[in-house]
2 protein chains.
Amino acid sequence: MNGEANGIELPTSVGYLLKEAATALRVAMEAVLRPLGMSVTHYSCLELLAQRPGLSNSELARGAFVTRQSMNVLLQTLEREGQVTRPQQPSAGRVLPTELTAEGRALLAQASAAVRGVEDRMKAGLAPDEQKVFADQLRRCITSLTEG
Amino acid sequence: MNGEANGIELPTSVGYLLKEAATALRVAMEAVLRPLGMSVTHYSCLELLAQRPGLSNSELARGAFVTRQSMNVLLQTLEREGQVTRPQQPSAGRVLPTELTAEGRALLAQASAAVRGVEDRMKAGLAPDEQKVFADQLRRCITSLTEG
DNA sequence: CCATTCATGTCAGTATTCTGACATACTGGA
DNA sequence: TCCAGTATGTCAGAATACTGACATGAATGG
């Protein structure tokens, strides 16, 4: 206990709780993805490609919340391992549209199931209608932080 | 970049939104802390020490969601710069209780004000009673993820 | 038409964090 | 008492992500 009136009570601040929840989610995802030899960014990349085939390196980077340089390193590895394919030459501009291979899809299927389990566990304490409210509140937080 | 009206929905899972919100918060905090020469972990460390003077390196690491090795590196820097103090010898066990200096407190005061502005902006779209619900839902998510 | 601006892919170097390892110190039970 | 288990601080190396920079291509506006 102290009388620091100007400080922020960390354990009860929404920002701290948000970081704590995101960290817990990341740790839980790493735990289930490690047996598959995948990182969270690796999984995010494959999941994004499954939903939106042909995404560019930069678009994947934004979707996975890393820099395009980091995503580029990952894509080179995944291409070498045969999980994704990129054309040797850009068809238009500098963009190299990326797509999943059959092997990539197979790996993703395992990872998706594992991650779905984590997400279900996370949402276990939220009633179905609460989940909608929760998602909506998260979106509003994102909007408020991004618009300025 | 091509338009976003492709008909393909952006990821809408709660887990993805949680990561997106946490990333937006981190970016916003980095933006306001950079002019003060502080990182988010640096700020978290000082804020924790203000609320709970005498925390050990390991306890600070857990509170800031980094490893104790990373926190140790930070504490050595902060001690050299005069923002925190640690006894040369442990009084009991191996624990070295850390405390803020006057300089550390002054820096924290500026940082707290800046971070409070970010948090207020994030919560701007949430009604006061919604904020309580939101925090409670975050706590339930943390509990569900941590108990497994 | 050309210049400016922006976005992309990529290379290089830097910075930060993590994992592994070790010695030390407390704790709880046999 | 002794011992296994746990926790701490710290050193060293590895992994990861970032910032800076450059050339190229597209889009925009004068």
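Order of the sequence lines fixes the chain letters, A, B, ..., with proteins taken first and strands second; residue numbering starts at 1 for each chain. All values reported here derive from a predicted model rather than from experimental measurement. All heavy atoms count here, side chains included; hydrogens, waters and symmetry mates do not.
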Side chains of A/Leu138 and A/Leu18 in contact at under 4.5 Å (non-hydrogen atoms): yes

Do the side chains of A/Gln137 and B/Gln137 get nearer than 4.5 Å, heavy atoms only?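 A side-chain contact under 4.5 Å exists here.
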
Applying salt bridge (Lys or Arg N to Asp or Glu O under 4.0 Å) as the test, list every pair that has at least one member in residues 17-27 of chain B; sequence neighbours left out. B/Arg26-B/Glu30

Any pair counted as salt bridge (Lys or Arg N to Asp or Glu O under 4.0 Å), so long as it reaches residues 122-146 of chain B, sequence neighbours left out: A/Glu130-B/Arg140, A/Arg140-B/Glu130, B/Glu119-B/Lys123, B/Asp136-B/Arg140

Looking at residues 21-34 of chain A, who's got a heavy atom less than 4.0 Å off DNA chain D?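 Those residues whose heavy atoms fall under 4.0 Å from DNA chain D, taken from residues 21-34 of chain A, amount to none.
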
Residues in residues 68-87 of chain B with a heavy atom under 4.0 Å of DNA chain D, by number, are B/Arg68, B/Gln69, B/Asn72, B/Gln76, B/Arg86

Give a yes or no on whether the backbone of B/Ser56 and the side-chain of B/Glu59 come within a donor-acceptor separation of less than 3.5 Å.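 Such a contact is found between B/Glu59 side chain and B/Ser56 backbone.
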
Let me have the donor-acceptor pairs involving side chains of residues 63-70 of chain B, under 3.5 Å, with sequence neighbours excluded, atom names and distances please.
residue	atom	partner	partner atom	Å
B/Thr67	OG1	B/Ser70	N	3.2
B/Thr67	OG1	B/Ser70	OG	3.1

Under the rule for ring pair (Phe, Tyr, Trp, His ring centres under 6.0 Å), what residues qualify as partners of A/Tyr43, not counting sequence neighbours? none

Rounded to whole angstrom units, what separation is found between the CG atom of A/Leu55 and the C1' atom of C/dG9? 16 Å

B/Met38 CE - C/dT16 P separation (whole Å): 14 Å

Taking it one step at a time, do A/Ser44 and B/Tyr16 satisfy side chain to side chain contact (heavy atoms under 4.5 Å, CB included)? CA-CA 9 Å; A/Ser44 300; B/Tyr16 190 87; 5.9 Å; no

Comparing nearest nucleotides in DNA chain D, the 5'-proximal residue of the pair A/Arg94, A/Phe65 is A/Phe65

Could you tell me the boundaries of the chain A footprint on DNA chain D, defined by atoms under 4.0 Å from its heavy atoms?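 The footprint of chain A covers D/dA17 to D/dA26.
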
Contacts of A/Glu79 that satisfy salt bridge (charged side-chain N to carboxylate O under 4.0 Å, His left out) - sequence neighbours left out: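 With neighbours one apart ignored, the set is A/Arg86.
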
Counting only side-chain nitrogens and oxygens, does A/Ser58 get under 4.0 Å of the OP1 or OP2 atom of C/dG9?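 So the side chain of A/Ser58 is within the cut-off, an N or O lying under 4.0 Å from OP1 or OP2 of C/dG9.
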
Residue pair A/Leu46, A/Leu78: steps toward the side chain to side chain contact (heavy atoms under 4.5 Å, CB included) verdict: CA-CA 10 Å; A/Leu46 266 48; A/Leu78 298 188; 3.6 Å; yes

Would you classify A/Ser39 as touching base, sugar-phosphate or nothing, given that sugar-phosphate means primed atoms plus P, OP1 and OP2, and contacts are heavy atoms under 4.0 Å?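 No contact at all - A/Ser39 keeps every heavy atom at 4.0 Å or more from the nucleic acid.
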
Would you mind reading off the bend of the helix from C/dC1-D/dG30 to C/dA30-D/dT1 from its two end axes, five pairs each, to 10 degrees? 40°

Does any pair with a residue in residues 68-95 of chain B pass ring pair (Phe, Tyr, Trp, His ring centres under 6.0 Å), and if so which ones, sequence neighbours excluded?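 Not a single pair qualifies under ring pair (Phe, Tyr, Trp, His ring centres under 6.0 Å).
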
Scan the side chains in residues 34-42 of chain B for donor-acceptor partners under 3.5 Å anywhere in the protein, sequence neighbours excluded, and list what turns up.
residue	atom	partner	partner atom	Å
B/Ser39	OG	B/His42	N	3.1
B/His42	NE2	B/Gln83	OE1	2.7

Please list all pairs meeting side-chain hydrogen bond (donor to acceptor under 3.5 Å, both in side chains) that have one or both residues in residues 98-115 of chain A, counting only residues at least two apart or in different chains.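 Residue pairs passing side-chain hydrogen bond (donor to acceptor under 3.5 Å, both in side chains), neighbours aside: A/Glu47-A/Ser112.
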
